[in-house]
Structures are given as structure tokens and as C-alpha cells.
Amino acid sequence: MELKNISAILLIIFIINCASATTITVDVNNGSNSNFSSIQEAINFAQENDSILISKGNYSETLTIDKQLKISSISRNPEDVIINPKISSQPIVHVTSDNVEITDLTILGSNNENQTSGVFLDHVSNSLIQNNIISSVQDGLVLGASSENSIKNNTIISNNFHGVYLINSMNNDLRNNLVIGNKRGLYLDQSNRNTLADNNASSNEKYGIALLDSNTNNLKNNQFYTNKYGLCLTDSHENVIIDNVASDNKESGFLLFLESSYNNVEGNLLIENENSGMYLASCSNNTLSRNSLSNNTNGISIDVANDNLIINNNFSSNKKYGLFYPHPGSNNTIKDNIFLNNKKGNDNLSSTPIYIILILLTGTGLACYLKRKSLMKKALIGLSVLTAIFLIAIIAWYFPFEANIPANNVEITNFSWHNSSVINETYTQVTLSMDINYKYKEAYCHTFDENSEIDIIPIKVRLSLNSYGTDTSLTLLSEENINLTFQKSLKYETTLDLKNNVDYNLVAIPMFKEEFDYPFPYGESRWDDLGGNSTDINLRG
């Protein structure tokens with residue numbers, strides 16, 4: 001009897017809670033039928049499970065959603081409600097509660113470098129982001145350690161870093177989104193068991209979709225058009241990639257890179273990609289089956305990739321080879337494929353050099369047997385020449401040399417300190433000065449890739465110090481972003497407050513941010529050291 005009473009009470013509480021959910025209206029123009037003119041004020045007032053309906057207008061504010069709410073435009077047309085803060089160092093919409101719904105809104109940044117994201121799901125689950133337009137921020141939509149969310153029918157366009165970025169997020173459903181015109185499309189980093197289906201990830205500067213250290217994801221019926229790369233996998237395993245289309249990408253439709261293994265790539269259409277339909281590089285144990293690869297430069301390129309199964313694929317009308325081996329791997333199984341009208345043939349493997357070597361070795365042996373010294377000498381000379389050619393070719397391929405190019409693009413000269421003035425008994429102010437010279441557009445250890453001919457480059461000057469007589473390593477003092485002009489010396493000065501009675505070694509290093517077209521194990525970019533200089537400072541009086 002007591003159990004029944006408890007159940008009845010719980011049921012009544014549940015009904016009361018459901019019945020208490022209300023609808024709150026917002027109108028930036030203070031319409032007579034609205035409750036608030038600010039969305040955030042409505043959120044602050046609302047109770048769990050309330051709905052907030054927003055009237056047409058431009059709302060210059062950022063939102064923090066920390067309770068279970070439904071937020072949408074009244075008209076259900078995302079173009080009617082624009083959330084567009086002028087300047088913000090925070091996400092435009094920051095969600096910290098589970099079970100939030102955000103639908104039918106436009107979330108618009110100003111391309112300000114401080115606007116980190118349009119929508120940020122921060123350790124949340126079971127939320128719905130649907131039918132929104134997210135544009136002109138650093139990262140359009142970010143999921144950080146968030147799971148079981150549904151991301152559907154959104155237009156995510158013209159964002160400066162990523163359209164969509166998942167970090168350490170699992171079991172999310174991303175479906176039927178338009179991710180176009182971003183620097184990078186949709187990026188999964190350490191994110192497993194997500195479903196990406198029916199998305200259009202096209203016309204992004206770097207890639208459509210990329211996975212880094214992300215496993216057992218399901219990618220189905222996605223479209224990749226006119227990116228640099230369509231789909232990229234780096235150190236990602238056991239993903240299922242089925243029935244996708246990759247076309248007109250500037251490099252490859254699919255890239256399986258660096259230890260990616262046990263992925264199932266099946267039934268995809270890869271056509272008219274400028275490099276390869278698929279490129280396998282340093283990966284293993286992947287299965288590629290029933291894919292159609294046509295009108296690419298090469299159908300599939302295999303670059304030091306081992307133990308992959310390539311079966312029942314259709315290679316047709318590729319401009320060079322069906323299968324191309326930049327550097328063949330080993331133990332790849334290639335069977336039951338169809339090759340048709342590939343311009344240079346099924347593959348570029350040729351046994352002719354091997355035959356030549358065998359003939360020369362046979363000739364040498366025969367000459368020795370017949371004791372014909374002249375014939376033996378000619379065979380040995382031919383064998384030596386051929387071997388030398390192969391060795392030169394290998395060295396030229398792996399170790400390209402370019403004469404008279406220095407190690408770095410940027411040099412720091414005239415690095416010195418002066419104008420020291422005592423502040424108090426503890427500190428002295430010191431002025432550092434240096435000339436920073438962008439002297440070489442290309443250098444052996446660092447080039448700027450496609451932008452190698454640019455006249456102005458952005459760098460970061462990093463100042464560090466070490467005090468003599470201590471065990472401490474270099475301590476970072478400051479970092480400053482500057483622009484350098486080719487062959488024009490920049491006079492750079494900065495002031496530091498240093499302790500008295502200490503000997504210092506100061507180091508200045510120019511850093512260039514190298515960005516990759518697809519993720520490497522350490523991410524999508526890294527700071528490269530372009531040289532540097534150091535000076536000693538004696539503050540012992």
C-alpha cells in the first residue's frame with residue numbers, strides 16, 4: 001500500500017511539473033505581446049522544460065543556457081532571428097545543460113578572431129541543434145566531451161577554423177547538415193561511435209570531413225565536393241565508410257593516413273578528383289570493396305601501405321592508372337577488381353628493370369662460365385651503371401637538394417639590450433632591441449607551401465629567458481604577433497622588468513604557424529622555429 005501511495009505521489013509531481021512548463025516570448029522591439037526584449041533575460045527567468053519563442057529581429061547578445069529549455073524562432077525561419085553580438089571572447093551560444101533544444105535561429109559572428117564558436121555544447125547530452133544557420137565565427141559548432149546529441153539540418157557556412165568540431169565526444173548523430181565554405185569542414189578529434197549521415201561537406205578550403213584518433217564511427221551517404229581533400233583519416237580505426245560520394249576535390253577524394261587501420265570503405269563513388277580517388281599512406285589492414293573510381297588522375301594510390309584488401313572495385317577511365325604506387329607497400333591483396341579504359345593501364349608496376357638486372361646477372365655468370373672476360377666486363381659495367389641510376393633516383397626522391405638556400409626564412413640580427421634603469425631594489429627595466437629580417441621566401445627546412453611567394457608573412461616573436469646558475473629551463477616571457485615584409489628589416493623593441501643581481505640569457509625566436517591540409521598525429525597545425533638569437537644580460541651591478 002505504501003509503495004502504491006509513493007508511486008501516486010511521484011506521478012502527481014510529474015504531472016504538475018509537466019503542466020507547469022510555460023512558453024516565454026521575446027521581442028527585441030518590445031512588442032506588446034512579448035515577455036522580454038532580451039533572450040538571455042528570458043533564459044534567466046525560465047524554469048526547467050520551458051519554451052522560449054523569439055520574434056523576428058537582430059539580437060546583439062551572447063547566451064548561456066544552463067537549464068533544460070527549448071529555444072526557437074516563432075516563424076520557424078532561421079533567417080528571421082539573428083543572434084549577432086558585436087564583440088565577444090565567449091561562444092555566442094554556450095550550452096551547459098542536458099536536454100536543450102535550439103532550432104530555427106541564425107547565429108552570426110563578425111569574423112572577429114575572439115569569437116571562439118557559434119554554438120558550444122559543453123559536457124552535455126541529449127540536446128538537439130536543428131535547422132540553424134551558423135556563420136562567421138572561428139568554429140561554427142563545437143561539441144566538447146558531449147554525447148548522445150542530435151545535430152540535424154543545419155547550415156554551417158564560412159567559419160574561420162572549422163564548420164563542426166567534435167573533441168572527445170561520442171554517440172552523437174550528425175545528419176543532413178550543410179557544411180560548406182569553411183576553412184575546414186567537419187572535424188572529429190578523439191571522438192568515437194558517432195554517426196555522420198547525409199551531410200554535404202563541400203567547398204571547404206582544407207577538407208570536408210577529417211578524423212584524428214577517432215574510431216568506430218559510421219559515415220554514410222555523405223557528399224564531398226570541391227574541397228582540397230574530401231575525407232581524411234589519421235590514426236583512426238574500425239570506421240565504416242559506406243555509400244559516400246567524393247568528386248572534384250583538388251587532391252584526393254579519400255585519404256587514409258598514418259596508422260589508420262581496420263576501416264571498411266565500401267560502395268563509395270569517387271570521381272574526377274585531381275590526384276587520386278583514394279590515397280593510402282602508411283596505413284594497414286583496411287578493406288576497400290565495391291567502390292567505383294573513375295575519371296580521377298589515379299584510381300587508388302598506395303604509398304607504403306601494407307596488408308590492405310582491395311577487392312571488387314571498379315577502376316574506369318582514370319587519367320593515368322587504376323592503381324598507382326608512389327612507394328609500394330607489402331602484402332596488399334588485390335583481387336577481383338575491374339579495370340577499364342584507364343589511360344596508362346591498370347597499374348604502374350613494371351618488372352622491366354628487374355628483367356634487365358636478371359639478364360645482366362645471367363650474362364655475367366655465363367661469361368664467367370665461358371671465361372669470356374670481355375663479355376663479363378661489359379655485363380658488369382652495365383649492371384654497375386643500372387645500379388648507380390637506381391641509387392641516384394632513390395636519393396633524389398627521398399633527399400631533394402637545393403643549393404645555396406639557408407636553413408631558415410627569417411633571421412634576427414643586432415639583438416642587444418640597453419637603456420637599463422633601476423626601478424627599485426629588486427627590479428631593473430631593460431630595453432631589448434633587434435632587427436627581424438624576412439630574407440628568403442623559400443628555405444630547405446621550412447617553406448610556406450602554396451604561399452611560398454608571398455611578400456608579407458605573419459609570425460610570432462617568442463621571448464624566453466634563463467637565469468645563470470639555476471637549474472630552471474627557459475621561461476617564456478612574452479609572445480607578440482607581428483607581420484614581416486620580404487627583404488625589409490623590422491626594428492623591434494620591447495621592455496622587460498628583470499631582477500637585480502642576476503645574470504640572464506635571453507632568447508628571441510620567430511615562430512611561424514604551419515597549417516596542414518589534413519590532421520597529423522599532433523593536430524592540424526604546429527609552430528615552426530624559424531631561427532632566433534640570444535644575448536646575455538648582466539644585472540649584478
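Everything numeric in this text was worked out from a predicted model, so none of it was measured.
D336 places no side-chain N or O within donor-acceptor distance of the main-chain N or O of N312, the cut-off being under 3.5 Å. Side chain of S147 to main chain of S169: no donor-acceptor pair is present (N/O by atom type, distance under 3.5 Å, no hydrogens or angles). With S301 contributing its side chain and S276 its backbone, the two residues share no donor-acceptor pair below 3.5 Å. The backbone N or O of L108 sits less than 3.5 Å from a side-chain atom of N84, completing a donor-acceptor pair. Under the 3.5 Å distance criterion, the side-chain polar atoms of N249 are matched with a main-chain donor or acceptor of N227. Of the possible donor and acceptor atoms, one in the side chain of N286 sits under 3.5 Å from a partner among the backbone N and O of S260. A donor-acceptor pair under 3.5 Å is formed between the side chain of N192 and the backbone N or O of N215. Side chain of D517 to backbone of Y229: no donor-acceptor contact under 3.5 angstrom is found. Side chain of N295 to main chain of I271: no donor-acceptor pair is present (N/O by atom type, distance under 3.5 Å, no hydrogens or angles). The backbone N or O of Y225 sits nowhere less than 3.5 Å from a side-chain atom of S247 that would complete a donor-acceptor pair.
E272 has its side chain within reach of D248: a pair of non-hydrogen atoms, C-beta onward, lies under 4.5 Å apart. Proximity of T297 to N275: side-chain heavy atoms (C-beta onward) are nowhere separated by under 4.5 Å. Between S72 and D104, the closest side-chain pair of non-hydrogen atoms falls below 4.5 Å. Taking the side chain as every heavy atom from C-beta outward, I311 and T333 never approach each other to under 4.5 Å. In this structure, S294 and N314 have side chains that are not in contact, with every pair of non-hydrogen atoms separated by 4.5 Å or more. No side-chain heavy atom of N291 sits less than 4.5 Å from a side-chain heavy atom of I300. Considering only heavy atoms from C-beta on, V164 stays 4.5 Å or farther from N177 through its side chain. Looking at T106 and P78, their side chains come closer than 4.5 Å, going by heavy atoms from C-beta outward.
Under 3.5 Å, the side chains of N154 and N132 contain a donor-acceptor pair of N or O atoms. Under 3.5 Å, the side chains of T226 and S203 contain a donor-acceptor pair of N or O atoms. At a cut-off of 3.5 Å, with distance as the only test, no side-chain donor of N331 or N306 sits close to an acceptor on the other residue. Side-chain contact of S75 with D80: a donor-acceptor pair under 3.5 Å is present, judged by distance alone. N182 and N159 form a side-chain donor-acceptor contact under 3.5 Å, judged by distance and modelled atom types alone. Side-chain atoms of N318 and N296 include a donor-acceptor pair closer than 3.5 Å. The closest side-chain donor-acceptor pair between D303 and Y279 falls under 3.5 angstrom. For the residue pair D243 and N221, no side-chain donor N or O sits within less than 3.5 Å of a side-chain acceptor on the partner. For D307 and N285, the side-chain atoms include no donor-acceptor pair closer than 3.5 Å.
Looking at every heavy atom in both residues, N160 comes nearest to Q138 through ND2-NE2, 3.3 Å. When all heavy atoms of D528 and E514 are compared, the pair lying nearest together is OD2-OE1, 2.5 Å. Nearest heavy atoms, N244 versus K220: OD1-C, 3.5 Å. Between V124 and L121, the shortest heavy-atom distance links the atoms CG2-CB, 3.6 Å. Nearest heavy-atom pair across K183 and F161 is CB-O, 3.6 Å. Taking all atoms of both residues into account, the shortest heavy-atom contact from K513 to S525 is CE-OG, 3.4 Å.
Taking OG of S214 as the start and CZ of R193 as the end, the distance is 11.5 Å to the nearest 0.5 Å. Note that CG of L188 and CD1 of I209 are 8.0 Å apart. Values are rounded to the nearest 0.5 Å. The structure places NZ of K439 at 11.5 Å from CG of N408, a figure rounded to the nearest 0.5 Å. Here CD1 of I241 is found 7.5 Å from CG of L211. Values are rounded to the nearest 0.5 Å. Taking CD1 of I302 as the start and CG of L280 as the end, the distance is 6.5 Å to the nearest 0.5 Å. Between the CG atom in L166 and the CG atom in L143 there is a gap of 4.5 Å [rounded to 0.5 Å].
Note on ring orientation: taking the six-membered ring where Trp is involved, the planes of F257 and F520 are perpendicular (angle over 60°, cut-offs 30° and 60°). The aromatic rings of F339 and F315 sit parallel, their planes meeting at an angle under 30°, below the 60° perpendicular limit. Taking the six-membered ring for Trp and thresholds of 30 and 60 degrees, Y207 and Y187 have ring planes inclined between 30 and 60 degrees apart.
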Check step by step if side-chain contact (heavy atoms from CB on, under 4.5 Å) holds for V410 and I457.
CA-CA 10 Å; V410 176; I457 59 170; 4.2 Å; yes
Tell me, with the steps shown, if R184 and E515 meet side-chain contact (heavy atoms from CB on, under 4.5 Å).
CA-CA 11 Å; R184 302 174 178 89; E515 296 192 355; 3.5 Å; yes
Evaluation steps, side-chain hydrogen bond (donor to acceptor under 3.5 Å, both in side chains), between N308 and N332:
CA-CA 5 Å; N308 298 286; N332 293 297; 3.1 Å; yes
Worked check of salt bridge (Lys or Arg N to Asp or Glu O under 4.0 Å) between R290 and E266
CA-CA 6 Å; R290 296 195 309 103; E266 180 180 350; 2.8 Å; yes
Pair H237-Y262, ring pair (Phe, Tyr, Trp, His ring centres under 6.0 Å): steps then yes or no:
CA-CA 6 Å; H237 316 284; Y262 298 101; 7.8 Å; no
Test side-chain contact (heavy atoms from CB on, under 4.5 Å) on D173 and K152; report intermediate values, then the result.
CA-CA 8 Å; D173 186 11; K152 295 182 178 179; 3.9 Å; yes
Worked check of side-chain contact (heavy atoms from CB on, under 4.5 Å) between N337 and N313:
CA-CA 5 Å; N337 299 287; N313 300 283; 3.1 Å; yes
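Remark: K343 NZ is loosely packed, at most 12 non-hydrogen atoms of other residues, nucleotides or ligands lying under 6.0 Å away. With a 6.0 Å radius and a threshold of 12 heavy atoms from other residues, nucleotides or ligands, E148 has its CD atom above the threshold. Within a 6.0 Å sphere centred on NZ of K460, heavy atoms belonging to other residues, nucleotides or ligands number more than 12.
Put simply, the residue from L141, I151, V179 that forms a side-chain contact (heavy atoms from CB on, under 4.5 Å) with L174 is I151. Exactly one residue among N218, N263, N194 makes a side-chain hydrogen bond (donor to acceptor under 3.5 Å, both in side chains) with N239. That residue is N263. For the side-chain hydrogen bond (donor to acceptor under 3.5 Å, both in side chains) with H94, the qualifying choice from T62, T116, D122, T64 is D122, the only one to do so.
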